[in-house]
Amino acid sequence: MRKDNFRNIAIIAHVDHGKTTLVDGMLRQSGIFRDNQALTDRVMDNMDLERERGITISAKNTAIEYNGVKINIIDTPGHADFGGEVERGLNLVDGAMLLVDASEGPLPQTRFVVKKALEKDLRIILVINKIDRPDSRIAEVIDEVFDLFIDLDATEEQIDFPILYTIAKDGVAHTDLEDDSTDLRPLFDTIIDYIQGPEAIDDHVPQFLIANLDYDAYVGQIAIGRLKNGVLKMGTNYLLAGEHKQTPNVKFSALYTFEGLRRQQVEEVEAGDIIAFAGIDTITIGDTITSIEDPALLPRIHVDEPTVSMIFYVNTSPFAGQDGKYLTSRHILARLEKEMRLNVALQIEQLKNRADAFEVRGRGELQMAVLIETMRREGYEFMVSKPRVITKDIDGKVSEPVEMLYLDIPEEFVGVMSEKLSLRKGRMVNIINHGSGRVNLEFRIPSRGLIGFRTTFMTETKGAGVMNTIMEGYEPWFGAIPQRNTGALVADRPGKVTAYASLSMEDRGELQVEVGTQVYGGMVIGERNRPGDLDVNITREKKLTNMRSATADATVTLRKPHLLTLDQAIEFISENELVEITPENIRLRKMELDPGKRLSQMRKEKRAED
């Protein structure tokens, strides 16, 4: 039975094509805000990291009412590293709005989200956004979207989608470029007319699949999902069906439906709606709430496997415990397990024979960096290793993940990019010169070759390039790939960085710490300008004599140190280095702080190679 009083829809797009801005306009024009209510831009991006990075990291839902129909909207991330959020969000809906930039057209992540939507057999509405851009090319972009659908083996029914043209920041949608629409009413009408209501039966056994988790300081853990069939009521006992066990007689302490950005507490919810409940703390994503007498379980949510892993260690540096509140392996493991419950794309495993180290597996460096930064801001102190790809054994051969790399760069950098990527086992598969001074390059490259490449890319293109990747599959091991071809400058003793010592380091490499920074022996303080590490005394002071002029050093100017962000630090480190993360500092260090032990390890490795 179709429930015509509901529409469940997801908004999918590449990063920065305007999803969250469009949701802003829909919320404003649906009348859920007071006239005098203070509003911020991108109201759905409520995490600090989302606002700072300008991207959506976690899928969120809201609801509006239009002409008596409740429209549940899921705002999904546009980056493939957060693909688990997209896959979870698509489990809740019957249709999707595909946003495409009127100038950039469909990009790699557009392909990723469209592929997932087509696999779920969702009806898609194409929305060409930013049609007011001076460089918009609307007709060509629509052709490119049709080509993308054909390439993804879409059916004729899926390809026959309606097209709207929007300026999300102004809150305007057109069904035709020439019409005189001044609001988003054409978009609302298209959603009601084209996206079907959910198939749901109220007098059926209750079936509720948990697709997302939230937390409230007053009611505790909150489960969010779509009630596929049946009715849920307060005060009634239900069965919680987990992956490994079933718990009978669970009750809700609160039931919610969504109204705008708020959760509205109710006594009963009907099938087809996206709802939430509180009162059960043992839930995980993928569990089903159903009847005790006649249980009807729903298939669990399955997402793509992780491709990258990092080791999280307890902080053992000489400065451990100075900044953080949570330092022990118990604290770190509990936080990682909590994250794993909230994010089905993550996997966590304790290392054998080590109680202070945990392997965390995810979709990419960006997802890992967001997790690390979130933990850092919560007061955790720990260390992380260099990211490594996760290999598979396919037909008796060790295989590694391969990605398609899409570059949009100025013409003059084509040669240097081709050279850099060929060293990383990248193979060019396509080149498109638009004749506008910019060139699009496509490379097939092992994921290993992309670790640490983003910094090189931004340096070589002088910040003028755009880089996107998408997972393509697995291929046999490509062999050794050179990573960082320079060594590190390593502090050989504890102390404070001095201007005098920093000046003498300028011909040895580039410093990554400022004058006055406290360092310890084994801490990486810069990048050497040649291969091999160099232990240096960065705390050396100039000896005073009675012959020195008071103003002799006043004219000394130091080159500004290259202070690394968290993302850059993770890319920069080599296999024998770690990033030390604290709430106040990001430091690089050697795994082995003792220089003598490092030297003997290096000799052993050389003998093993010979």
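At distances below 3.5 Å, not a single donor-acceptor pair connects side-chain atoms of D395 with backbone N or O atoms of K397. A donor-acceptor distance shorter than 3.5 angstrom exists from the side chain of T498 to the backbone of R540, with no hydrogens or angles considered. No side-chain donor-acceptor contact under 3.5 Å links R361 to the backbone of S309. Side-chain N or O atoms of R448 include none that pairs as donor or acceptor with a backbone N or O of A480 at under 3.5 Å. No donor-acceptor distance shorter than 3.5 angstrom exists from the side chain of R598 to the backbone of S600, with no hydrogens or angles considered. Side-chain N or O atoms of E442 include none that pairs as donor or acceptor with a backbone N or O of N430 at under 3.5 Å. Distance alone, capped at 3.5 Å, places no donor-acceptor pair between the N585 side chain and the R587 backbone. Although no hydrogens or angles enter the test, the distance criterion places a donor-acceptor pair under 3.5 Å between the side chain of T307 and the main chain of R363.
Here ring pair (Phe, Tyr, Trp, His ring centres under 6.0 Å) pairs that include residues 465-486, with residues two or more places apart or in two chains, number zero. Pairs passing the salt bridge (charged side-chain N to carboxylate O under 4.0 Å, His left out) check and including a residue from residues 409-425, sequence neighbours excluded, read K420-E460. Counting only residues at least two apart or on different chains, the side chain to side chain donor-acceptor pair (under 3.5 Å) pairs with a member in residues 505-520 are Y520-E580.
Residues A355 and S329 share a closest heavy-atom pair of O-CB, 3.4 Å. Heavy atoms only, all atoms of each residue included: S502 and V515 are closest at OG-CG2, 4.0 Å. Shown here for I348 and V360, the closest heavy-atom pair between the two residues is CG1-CG2, 4.2 Å.
Shown here are the ring pair (Phe, Tyr, Trp, His ring centres under 6.0 Å) partners of F312, two or more places apart in sequence or in another chain: F382. With sequence neighbours left out, the side-chain hydrogen bond (donor to acceptor under 3.5 Å, both in side chains) criterion links K392 to E305. Listed by chain and number, the residues in a side-chain hydrogen bond (donor to acceptor under 3.5 Å, both in side chains) with Q568 are T565 (sequence neighbours excluded).
Rounded to the nearest 0.5 Å, atoms CD1 (I311) and CD (E349) are 9.0 Å apart. Separation of atoms CG (L564) and CZ (F572) is listed at 6.5 Å; rounding is to 0.5 Å. Interatomic distance, CG of N61 versus CG of D75, reported as 10.0 Å (0.5 Å rounding). Note: Y500 OH to T539 OG1 = 12.5 Å, rounded to the nearest 0.5 Å. Note that CD of E571 and CG of L566 are 10.5 Å apart. Values are rounded to the nearest 0.5 Å. Note that CD1 of I431 is 10.5 Å distant from CG of L407, once rounded to the nearest 0.5 Å.
Between I538 and the options M505, K496, R493, a side chain to side chain contact (heavy atoms under 4.5 Å, CB included) holds for only M505.
The closest side-chain donor-acceptor pair between T284 and D287 falls under 3.5 angstrom. Residues T486 and E527 bring a donor and an acceptor atom of their side chains to less than 3.5 Å of each other.
Ion pairing of R454 with D567 is absent here, as no side-chain N (NZ or NE/NH1/NH2) approaches a carboxylate O to less than 4.0 Å. Using a cutoff of 4.0 Å between basic side-chain nitrogens and carboxylate oxygens, E575 and R388 are scored as salt-bridged. No salt bridge links R528 with D533; every basic N to acidic carboxylate O contact stays at or beyond 4.0 Å. A salt bridge links E577 with K590; the closest basic N to acidic carboxylate O contact falls under 4.0 Å. Using a cutoff of 4.0 Å between basic side-chain nitrogens and carboxylate oxygens, R354 and D356 are scored as salt-bridged. Salt-bridge formation is not detected for the pair R444/E403: no Lys NZ or Arg NE/NH1/NH2 atom is positioned less than 4.0 Å from an Asp or Glu carboxylate oxygen.
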Stepwise side chain to side chain donor-acceptor pair (under 3.5 Å) test for S399 and E475: CA-CA 5 Å; S399 300; E475 288 188 11; over 6 Å; no

Report the C-alpha separation of L371 and L346 in whole Å, then their side-chain angles, then the decisive distance to 0.1 Å, and conclude whether the side-chain contact (heavy atoms from CB on, under 4.5 Å) test is met. CA-CA 10 Å; L371 169 61; L346 278 181; 4.1 Å; yes

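Contact check for L213 versus I283: side-chain heavy atoms found under the 4.5 Å cut-off. Side-chain contact between P476 and V398 is absent, with no heavy atoms from C-beta onward closer than 4.5 Å.
When the shell of 6.0 Å around CZ of F319 is examined, it contains more than 12 heavy atoms from other residues, nucleotides or ligands.
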